[in-house]
Colleague: 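Provided herewith is a single structure, encoded as C-alpha cells, for subsequent inquiry.
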Amino acid sequence: MTTTPPVDPSTEKKFSIWFFVGVLVLACGAVILAQGIYEFWHPGTTVLANLHPAFWWGLLMTAFGLFYTIHFRPGKG
Amino acid sequence: MHAAPIPAVLLLATTHLIRLAPIDIAILLFYFAMVIFIGFYVKGSTNTSEQFFLAGREMTAWVAGLSFVSANLGALELMGWAGSAYQYGILATHWYWIGAIPAMLFLSIVMMPFYYISKTHSVPGYLQLRFGERARGLSGVCFAFMTLLMAGVDMYAMAVVMRVVLGWNINFSMWVSAITVAIYVMLGGLRSAIINEVLQFVLIWAGAMLIPILGLIEAGGWHKLMAQISQRMGSQYTHLWSTTGSFAANPMGVHWTGLVFGLGFVISFGYWTTDFLVVQRVLSANSLRSARMAPIIGSAFKMFVPFFVILPGLLALVLLKDPSGHLMHLYPDGSPEVLHQGAHSFNEVLPLMMVRYLGPGLLGLGITALIAGFMSGMAGNVSAFSTVWTYDIYRAYIKKKAADAHYVLMGRWSTIIGMAIAIGTAYLVRHSASIMDYVQELFSFFIAPLFGTVILGMLWKRATKAGGFWGLLTGTVASVAMWEMVRLNKANIRFMILQPHASADTILRVQAMAANLYRAAWAWLICVAVTVVVSYCTKPTPEAQLNGLVYGCTVLPSDGATKLYEKPIFWAIVVVTVLFILNLWLW
C-alpha cells in the first residue's frame with residue numbers, strides 16, 4: 001500500500017503548479033486589461049469606474065501572470 | 001467552521017443580481033477548460049495509492065500551505081461570513097483570527113510531527129494506531145458519511161447561488177459542477193485537487209481584493225469608515241473584544257468565554273487539527289519541515305482573509321445604496337421584508353458589492369472565483385471521502401489484502417460513486433432545505449469530541465484504547481443530545497451557557513452561532529472526562545507500543561532546520577505577534 005514503484009518518466013509531471021497559476025492569471029489579466037483599455041473610450045457604469053479599476057487590475061494581473069509563466073515555464077532549469 | 005446555510009429567500013428568488021458579459025463567460029470557460037486539462041494531465045503521475053491519495057507526499061510547504069487554507073475558503077464561506085459581518089459587525093473577524101490562527105500554529109508545532117512520523121494516511125488512521133480499530137471505525141464511518149453530505153450541500157448551495165446571482169438553472173449548475181469535479185478528482189486524486197485549490201486561492205484573492213480597496217477609497221479611508229459605522233450602527237459593531245464582557249452588549253449575544261474556549265479552543269482546534277479534509281493537505285508535504293511550515297504559511301494568509309471577506313460586509317453597512325440612492329437595508333433570511341417586499345438578505349452582500357464595483361471582466365473574475373470556491377469545496381470533500389473510504393473502511397473491513405493498483409482503482413471508483421451520492425444528497429436538500437442546516441450541525445457534533453480524543457492520544461500516554469473509543473462516542477452523543485435539547489426548547493440554552501436564571505432577553509440574544517460555541521466546549525469536556533475516567537479504569541498500553549504516537553514515548557526527529565529563519569517555531573512566533581497586534585488594534 002505504501003510502496004512506490006518507479007514513475008514512468010514519460011508520464012511524470014512536467015509543469016510546475018506555479019506555471020498553471022501563471023497561465024491562469026495571465027489569461028484573465030490580459031482579458032481584463034483589454035476591457036480596461038476599451039473602457040477609456042466607453043466608460044463603465046459601476047461606482048468609481050472613473051478610476052479605471054479594470055485597466056490597473058488587469059495590468060497588475062498580466063504582469064504577475066507573465067512573470068510566473070516565464071519563471072516556471074516547462075523545461076526551464 | 002462551515003458557513004451560514006443558504007437563506008430561504010434564495011430558494012424563492014425569481015430574479016437575478018448579475019448579468020454576465022461575453023468577456024465574463026470567456027473567463028469562466030477558460031477556468032473550466034483548465035481544471036479539466038489538469039485532471040487529464042496529472043493522471044499519468046497518480047499510479048500508486050500514495051500518489052493518488054496523498055499526492056505522492058511531494059508537495060512543497062507553499063503548495064501544501066495554500067491548499068490547506070484554500071480547502072476552507074469556499075464560496076459559501078465567503079458569502080456567509082461577509083453576510084455575518086454585515087449582521088454582527090467586526091465580531092465576525094474572530095472566526096478568522098482566534099478561531100483559526102492559534103489552532104493552525106498548534107497543528108504545526110505540536111501535532112504535525114506525530115501525524116507525519118507515524119506515516120498515517122488519515123486522521124482515522126492515526127486513531128487506529130493509537131486507540132485501535134473501534135475508534136478508527138467510528139471516526140471513519142462518521143467522517144465518510146459527513147463528507148458526502150457536505151459535498152452535496154456545497155453542490156446545492158452553488159446551484160442556488162448561481163440561480164440567484166446569475167439566473168442559471170439549478171440542474172444545469174449541479175450537473176456541470178459535479179461532472180467537472182468528478183473528472184478531475186477521479187483522474188488526478190489529491191494531486192489534482194491540490195493544484196486546483198491553489199488556483200482557486202489565487203482566483204479568490206485576485207477576484208475579491210478589489211472590492212475592499214475600492215470600498216475604502218469610496219468611504220474615505222479606514223477611520224472614516226469606522227466613524228460612519230459607529231454613527232449608524234453603534235460602536236459595538238467596530239470592536240473585537242471590548243463589548244464581549246456580557247451577552248447583551250454585542251450584536252452576536254456572545255461572551256468572551258465562548259469566544260476563547262468554545263471557538264478559539266474547541267471548535268477551532270477540532271476543525272484545523274483533526275478534520276481530515278484540511279489535515280490531508282498537509283500530509284501531502286514532502287518533508288517534516290514542509291509539513292510543519294505549511295500550516296504556518298496558511299495561517300499567515302488566513303490572517304488577511306477578513307480584508308476581503310469581513311470588510312465588504314462592513315463597507316456595505318454604510319455604502320450600499322439602492323437604485324434611488326438611499327442606503328440599502330439588508331434583512332435576515334426569511335424576514336417579511338425579504339420574503340414579501342423583494343429586499344435582499346445578509347448573505348447577498350458580497351454579490352451586491354461585486355455588482356457595485358466590478359464591471360465586465362472583473363465581474364467574470366469574481367464569479368469564477370466563487371464557482372472555483374464551490375467546486376474546490378466539493379473536490380476537497382470527495383477526495384477526503386475517497387481516501388477514508390478506501391483506507392479506513394474498504395481495506396480495513398472489506399478487502400484487507402489486495403494489490404496496490406486495486407486500491408487506486410477503488411479510489412477512482414469511490415470518487416465517482418461518492419459524487420453520485422453527493423448529487424443525490426443535493427436533490428434531497430432541494431426538497432427539504434432544513435436538511436442542510438442539520439448537515440452542517442452534524443459535522444460540528446463530531447469534530448469537537450474528535451479533537452478531545454486526538455489531543456489526549458498525542459499528549460497523554462495513559463489514555464487507553466477503551467478510553468479513546470468511549471470518550472469519542474460519549475462526546476458525540478452528548479453533543480447531539482445538547483443540540484436536540486435546545487432545538488426542542490431554546491430556553492434550555494441557559495444551562496449550556498451556565499446561566500440557569502438567565503432572563504428571556506438574554507436567551508433571545510444568544511444567537512445560534514454563539515450556542516454552537518458552548519455546545520462544542522461541553523462536548524469536548526465530556527469526551528475528555530470520559531476518556532480520562534475509562535483510561536484509569538483500564539489497563540495502560542505498554543509504552544513500547546506508543547513510540548511515534550505520543551509525546552514522552554517518542555524521540556522526535558529533527559526537521560533539518562538549522563538557521564533561525566528556517567525554524568517553524570520562529571515563523572509561528574511572528575504570526576502570533578502580528579495576530580496579537582491586530583487584536584489590540586481593533587480591541
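Each chain gets a letter, A, B and so on, in the order its sequence line appears, and its residues count up from 1.
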Colleague: Does any backbone or side-chain atom of B/Phe30 lie under 4.5 Å from a heavy atom of chain A? Answer side chain, backbone, both or neither.
Modeller: side chain
Colleague: Checking A/Leu60 against chain B: side chain, backbone, both or neither under 4.5 Å from a heavy atom?
Modeller: neither
Colleague: Which atoms of B/Leu214 come close to chain A, meaning under 4.5 Å heavy atom to heavy atom: side chain ones, backbone ones, both, or neither?
Modeller: both
Colleague: Rounded to the nearest 0.5 Å, what separation is found between the CD1 atom of A/Ile17 and the CH2 atom of B/Trp62?
Modeller: 14.0 Å
Colleague: Side chain, backbone, both or neither: which part of B/Ile213 has a non-hydrogen atom closer than 4.5 Å to chain A?
Modeller: side chain
Colleague: Heavy atoms only: give me the nearest B/Leu362-A/Ile32 pair and the separation to one decimal.
Modeller: CD2-CG2, 3.7 Å
Colleague: Does B/Lys321, at its NZ atom, have more than 12 non-hydrogen atoms belonging to other residues, nucleotides or ligands within less than 6.0 Å?
Modeller: yes
Colleague: For chain A, find which of B/Ile194, B/Val198, B/Leu210, B/Ile27 contributes the most heavy-atom pairs closer than 4.5 angstrom.
Modeller: B/Leu210
Colleague: Identify which part of A/Val25 has an atom lying under 4.5 Å from any heavy atom of chain B, answering side chain, backbone, both or neither.
Modeller: side chain
Colleague: So how far is it from A/Leu24 CG to B/Leu203 CG, rounded to the nearest 0.5 Å?
Modeller: 4.5 Å
Colleague: Is B/Leu66 close to chain A through its backbone or its side chain, or both, or neither, when contacts mean heavy atoms under 4.5 Å?
Modeller: side chain
Colleague: Which pairs with one or both residues in residues 198-220 of chain B pass salt bridge (Lys or Arg N to Asp or Glu O under 4.0 Å), sequence neighbours excluded?
Modeller: B/Glu218-B/Arg356
Colleague: If you count the non-hydrogen atoms of other residues, nucleotides and ligands that lie under 6.0 Å from CZ in A/Phe19, is the total more than 12?
Modeller: yes
Colleague: Surrounding OH of B/Tyr397 (heavy atoms of other residues, nucleotides or ligands, distance under 6.0 Å), is the total greater than 12?
Modeller: yes
Colleague: With respect to chain B, which residue among A/Gly36, A/Pro53, A/Gly44, A/Gly29 yields the maximal number of heavy-atom pairs within a distance under 4.5 Å?
Modeller: A/Pro53
Colleague: Would you check, one step at a time, whether the test side-chain contact (heavy atoms from CB on, under 4.5 Å) holds for A/Trp18 with B/Val63?
Modeller: CA-CA 9 Å; A/Trp18 306 115; B/Val63 172; 3.7 Å; yes
Colleague: Report the C-alpha separation of A/Leu48 and B/Ile217 in whole Å, then their side-chain angles, then the decisive distance to 0.1 Å, and conclude whether the side-chain contact (heavy atoms from CB on, under 4.5 Å) test is met.
Modeller: CA-CA 9 Å; A/Leu48 297 182; B/Ile217 291 172; 4.1 Å; yes
Colleague: As a quick check of understanding, evaluate side-chain contact (heavy atoms from CB on, under 4.5 Å) for A/Thr46 and B/Tyr357, giving each step before the final call.
Modeller: CA-CA 5 Å; A/Thr46 52; B/Tyr357 293 118; 5.7 Å; no
Colleague: Return the option, out of B/Ala403, B/Gly361, B/Pro360, B/Gly359, with the maximum number of heavy-atom pairs under 4.5 Å with chain A.
Modeller: B/Pro360
Colleague: Examine whether an atom of B/Phe37 lies under 4.5 Å from a heavy atom of chain A, and if so say whether it belongs to the side chain, the backbone or both; otherwise answer neither.
Modeller: side chain
Colleague: Name the orientation class of the two ring planes belonging to A/Phe20 and B/Tyr41 (parallel below 30°, tilted from 30 to 60°, perpendicular beyond 60°).
Modeller: perpendicular
Colleague: Chain A heavy atoms under 4.5 Å from B/Leu54: which part of the residue, side chain, backbone, both or neither?
Modeller: neither
Colleague: Answer yes or no: is there a donor N or O on one side and an acceptor on the other, between the side chain of A/Trp57 and the main chain of B/Gly207, under 3.5 Å?
Modeller: no
Colleague: Is it the side chain or the backbone of B/Leu365 that comes within 4.5 Å of chain A heavy atoms, both, or neither?
Modeller: side chain
